[in-house]
Each structure stands twice: as structure tokens, then as C-alpha cells.
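Letters A, B, ... mirror the listed sequences (proteins, then strands); counts begin at 1.
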2 protein chains.
Amino acid sequence: MTASPPDSTPDPHMSDALPPCEQHVRQYAAVRNAHETELLEDYVELIGDLLKYQGEARSADIAARMGVSQATVSKTVTRLKSQGLVDSQPYRSLFLTEKGEAMAEMARKRHAIVLQFLRTLGVSDSTARIDAEGMEHHVSRETLEAMERFTREHCRG
Amino acid sequence: MTASPPDSTPDPHMSDALPPCEQHVRQYAAVRNAHETELLEDYVELIGDLLKYQGEARSADIAARMGVSQATVSKTVTRLKSQGLVDSQPYRSLFLTEKGEAMAEMARKRHAIVLQFLRTLGVSDSTARIDAEGMEHHVSRETLEAMERFTREHCRG
DNA sequence: GAAAAAAGTTAGCCAAGGCTAAGACATTGT
DNA sequence: ACAATGTCTTAGCCTTGGCTAACTTTTTTC
Ligand SMILES: [Mn+2]
Ligand SMILES: [Mn+2]
Ligand SMILES: [Mn+2]
Ligand SMILES: [Mn+2]
């Protein structure tokens, strides 16, 4: 390690300096952690939506919606099954397990809160949808509550 | 593809149905796109901060701050160099190229806007730092401007 | 009911981003 | 000066998440 004089004083009015090391580590660790479940969350959310709005969730629909190949979907579904989130017979439609249903529900609600929050902030619908798709996985419970509060107080209607 | 009756009408008051397919694809594509540069952005931002606040940016400091092994840093630095973002001699401190400097500056500003926005929203400092670290990479110019506007209008002082 | 089309799977490739273990280089202390 | 310590790199391993190509299974069409 090299010199680290700025870490000594908890200076109250120098907020653009480097944060203390341990805190910095926690920031990046939280991001890496979110990245591990991100894709699985999007899959179960989408599968849940497809079941709800189209009656079944086929790999082909997922591939079309996600903009990836069917082979990629097939491999990811294997992972979803190995984690106990999805159930399926070969060559058949996909279903969510209890656990998958729970994750989908959480993701659906969280996604909706972030999306509505961005709209309320004044962001256009198409941009809000794009940004919400990525942001949702990095929003803590606390921030989610702050967003809900804001939307409740500022939303037209 | 299976049946898709809900996609026919651009129904104005059914906002929780599935978005049209092409838009859905763009959402996920934007996320995948952000993931390609995310880590590089965090690296150049950190390198810039280390140069500014400690005079030099050593791999050991980056490893300590990011909470990863030195081997991981070494490999990522190779990638940063191959993309023309970082310059360095073997076993020496790291420096940013023009291009790296520009990316660091962008990342620094964007990160600061998101962090200050979350604080202004009422999120605690430690949570705001964690969430901002992940959210920053998924915030478009338009959303960034909405955040700045909000902070300007609501910030104490 | 057979041929054609569509859907799903598998194999094999790749890059990114993590790790450990081993060794090379540099700095520092005596 | 040189040994000890600390820093950096390399090699080799792993998982994730993409791809194409080839194949199998199911569904649709005739
Ligand atoms: Mn989502
Ligand atoms: Mn998402
Ligand atoms: Mn950042
Ligand atoms: Mn970040």
C-alpha cells in the first residue's frame, strides 16, 4: 500500500475525496453481487409476464423479447432450473417454481416502482423504460422506499 | 412465435402489459451494452481519483479499493491498455491517456450527480453510495438532466 | 399421414471477470 | 551489498453469457 494521508480525518466538508477503503470495497462488492442475479431476475420477470399475458412462456418468445439466440435462452434456462427457479419438460413451455414466482413478483414490483418514479421525475417513457431496466437491479430497499414516497407525492392523479 | 393479440392496439391505458417486442429488445440491449463498459468506467474513475488524491495509482491500491486480487487488476489493466485508456510501464504506476482522462471525467461527473441526487431524495449516505455505484452506469443523459434539475430545486443550501 | 416449418437442444467456440499459485521485479533496512 | 518484504505479472483454472452450426422434436400444413 502507498501513502494514504486523506483517510485519517473524517473531514465533514470534503465530500469529493476518496471514501474510506472498507466502504469503497462494499460499494463495488454490492455491484458485483447484483450482477450475479440480474439476468436471472429479468428472465423470471419476463417468464411471469409471458405466462400472465400470453398464457405460456416459450423459449422462442423469450429469445425474441431479449434479442438473443434460442441457444442462449436454452442455456440460461438450464441455469434457472438448476437454481430451482423454473420448471419445464424438454420441448415444452416454461413454468415458475414457488421460488421463481417469488423472485418474479419482487422483480416486477421493483421494476414498476423504478419505472413510475422516472416518469414522475419527468423522463420520457421510452428513456424511462430503458434506464429502469438497468437501474432496477441496483436499487436498495431504502432507495426504493424513497422513490415510492416521491412518486406518491408528485404523481399527477 | 406464439399468439400475440395484445401487441395489436397501441392501448393508451394498459401500461402494465408487455411492451412491443422491438422496444423490449432495445431495453435489454441497452443493459447489455452498459455492462460492456461498466467496469472500465469504474477503473478509470478510480485511477483518476487516486492520481488526484494520492499522486499515483498503483495496482495494489486499486485491488484494495475494489476488493479483488492483484491478479484480477493486472488482467483488467491489460484490457484498459488495449483499449487505449491507460498507459503504464511494467511494475510502475498507472496513468490515464487522453481518452482515459475523458472517460474518467465523464464517469466522475455522472457518479457525483447520481450520488447527490439520491442524497437529496432522502437516502442515507452509505446506501446512496452503494446504489449510486451501480445505478450510474444505467443512467441516460436525459435522466441525468432530470436528476440535476431535481437536485438543484430541492437541495438544502 | 407425410412433408415442411418452427421450436428446442446440444456441442463447441469466444471474451469478460473472478480466483490461486508461482515467480519476477523493486524498495527498503541493515 | 544483499536479504527481506512488498508489488506486479503470468499461467492456469472456473463461471457467466453471448454466438453459430448441426441436430432432434414438435407443430402445422397440405
Ligand atoms: Mn426487470
Ligand atoms: Mn432488468
Ligand atoms: Mn463510479
Ligand atoms: Mn460504478
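Between A:Arg141 and A:Glu145 there is a salt bridge, since a side-chain N of the basic residue sits under 4.0 Å from a carboxylate O of the acidic one.
Listed nucleotides: C:dC19, D:dC8, D:dG18. Nearest to the side chain of A:Lys75: D:dG18. Comparing C:dA11, D:dC8, C:dC19 by their closest approach to the side chain of B:Val68 singles out C:dC19. Nearest to the side chain of B:Ala60, among C:dT20, D:dC19, D:dC8, sits D:dC8. Of the candidate nucleotides C:dA26, C:dA11, D:dT26, D:dT26 has the atom nearest to the side chain of A:Arg92. Among the nucleotides D:dT9, C:dT9, C:dG18, the one closest to the side chain of B:Leu39 is C:dG18. The nucleotide whose nearest atom lies closest to any side-chain atom of A:Ala71 is, among C:dA11, C:dC25, C:dG8, C:dA11.
When each of B:Gln70 and A:Thr78 is assigned the nucleotide of DNA chain C with its nearest heavy atom, A:Thr78 is the one assigned upstream, toward the 5' end.
Atom CE in B:Met66 sits about 13 Å away from atom C1' in C:dA16, given to the nearest Å. Rounded to whole angstrom, the span from the CD atom of A:Glu41 across to the P atom of D:dT16 amounts to 15 Å. Between the CD atom of B:Gln83 and the C1' atom of C:dA16 there is a distance of 11 Å, rounded to whole Å. When the P atom of C:dT27 is taken as reference, atom CD of B:Glu56 falls 10 Å away, rounded to whole Å. The distance from atom CG of B:Leu40 to atom P of C:dG18 is 11 Å, rounded to the nearest whole Å. B:Asn33 has its CG atom 15 Å from the C1' atom of C:dA16, to the nearest Å. When rounded to the nearest whole Å, the span between CD of B:Glu36 and P of C:dC14 equals 18 Å. A:His137 has its NE2 atom 17 Å from the P atom of D:dT16, to the nearest Å.
In this structure B:Leu39 satisfies the side-chain contact (heavy atoms from CB on, under 4.5 Å) test together with B:Tyr43, B:Met66, B:Thr76, sequence neighbours excluded. The side-chain contact (heavy atoms from CB on, under 4.5 Å) search around B:Ala146 returns A:Leu121, A:Val123, B:Arg149, not counting sequence neighbours.
Between the side chains of A:Glu142 and B:Thr127, at least one donor-acceptor pair of N or O atoms lies under 3.5 Å.
A close approach under 4.0 Å does not occur between any side-chain nitrogen or oxygen of B:Thr72 and OP1 or OP2 of C:dG18. Neither OP1 nor OP2 of D:dC8 sits under 4.0 Å from any side-chain N or O of B:Ser74.
Taking the six-membered ring where tryptophan is involved, the planes of B:His138 and A:His138 are essentially parallel, since the angle between them stays under 30° and well short of 60°.
Within the nucleic acid shown, A:Ser59 comes within 4.0 Å of sugar-phosphate atoms alone, with no base atom in reach, counting heavy atoms only.
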